[in-house]
Structures are given as structure tokens and as C-alpha cells.
Amino acid sequence: MEEPQRARSQTVTTTASSFAENFSTTSSSFSYDREFLRTLPGLLIVAEIGLWFNGSAFALYLSAAIVDASSVSPERDSHNFNSWAASSFFAFLVTICYAGNTYFSFIAWRSRTIQ
């Protein structure tokens with residue numbers, strides 16, 4: 001039994017668009033606008049990124065410092081008390097630095113949005 005032959009589909013012809021012809025993968029095609037960072041919107045974006053980074057780092061370091069301080073116990077047979085106390089002190093010191101940096105980032109961001 002011979003199967004009936006199927007009808008052939010029509011041939012599709014494609015052409016290249018002008019965009020595809022002009023598209024190249026050189027670095028100049030994908031380079032960013034360096035002047036954008038010198039404009040007001042560019043500075044606002046950088047300031048907002050810094051504000052969010054410092055704010056989230058402050059929150060994470062604060063929680064880590066609280067956990068670290070709560071784990072310190074002055075018992076003689078536990079871990080070295082001085083090491084635990086020093087780590088808690090420096091954890092809070094880093095937290096204060098991030099809090100200050102968050103404050104200054106907020107002030108810089110706020111002064112740019114008012115202008």
C-alpha cells in the first residue's frame with residue numbers, strides 16, 4: 001500500500017533587516033553612557049544604590065552584633081571571654097560605622113532630590 005504524497009509547503013523567503021545589518025558585537029555597541037553618571041538622574045541612582053546598600057548592611061550587622069553579644073557568657077569553663085567580648089565590641093563598632101554611612105548617604109540623596 002502506497003501512502004498518498006503530501007502536498008509540499010510553500011517556500012519561505014527571508015530577508016535581512018537593516019537593524020540586523022547594522023548590528024555588531026563590538027564593545028562600542030554595548031558600552032554605557034559614561035556621561036550619564038555625571039547627570040542628576042545618574043547621581044540619584046548611584047546615591048540610592050549606596051543608600052540601600054548601607055541601610056541593608058546596617059540592619060544585617062546590627063542583627064549579627066546582637067546575636068554575638070547575647071552569646072557572650074563570663075563563665076570560666078566556656079570559650080575565652082575576652083575574645084567573645086572583643087568580637088561583640090567590634091561588631092557594634094562596624095554597625096555604628098554603617099549607621100553613620102547610611103545617614104550620610106541619606107543626606108546626600110535627600111540634597112540631590114531637593115535640587
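Only heavy atoms go into these numbers, but all of them, side chains included; no hydrogens, no water, no symmetry mates.
When every heavy atom of A91 is checked against every heavy atom of T95, the shortest pair comes out as O-OG1, 2.7 Å. Heavy atoms only, all atoms of each residue included: S88 and V72 are closest at OG-CG2, 3.4 Å.
Looking at residues two or more places apart in sequence or on another chain, you find a side chain to side chain donor-acceptor pair (under 3.5 Å) between S87 and D68. Residues that satisfy the ring-ring contact (aromatic ring centres under 6.0 Å, His included) test with F106, not counting sequence neighbours, are W109.
A single hydrophobic cluster is seen to contain both L51 and I107, as judged by linkage of ILVMFWY side chains at heavy-atom distances under 4.5 Å, directly or through other members.
Other members of the hydrophobic cluster containing L62, listed by chain and number, are F53, F58, Y61, I66, F92, V94, Y98; membership follows side-chain contacts under 4.5 Å among ILVMFWY residues, whether direct or relayed.
Counting only distance, with no hydrogens or angles, the side chain of N54 and the backbone of G50 share a donor-acceptor pair below 3.5 Å.
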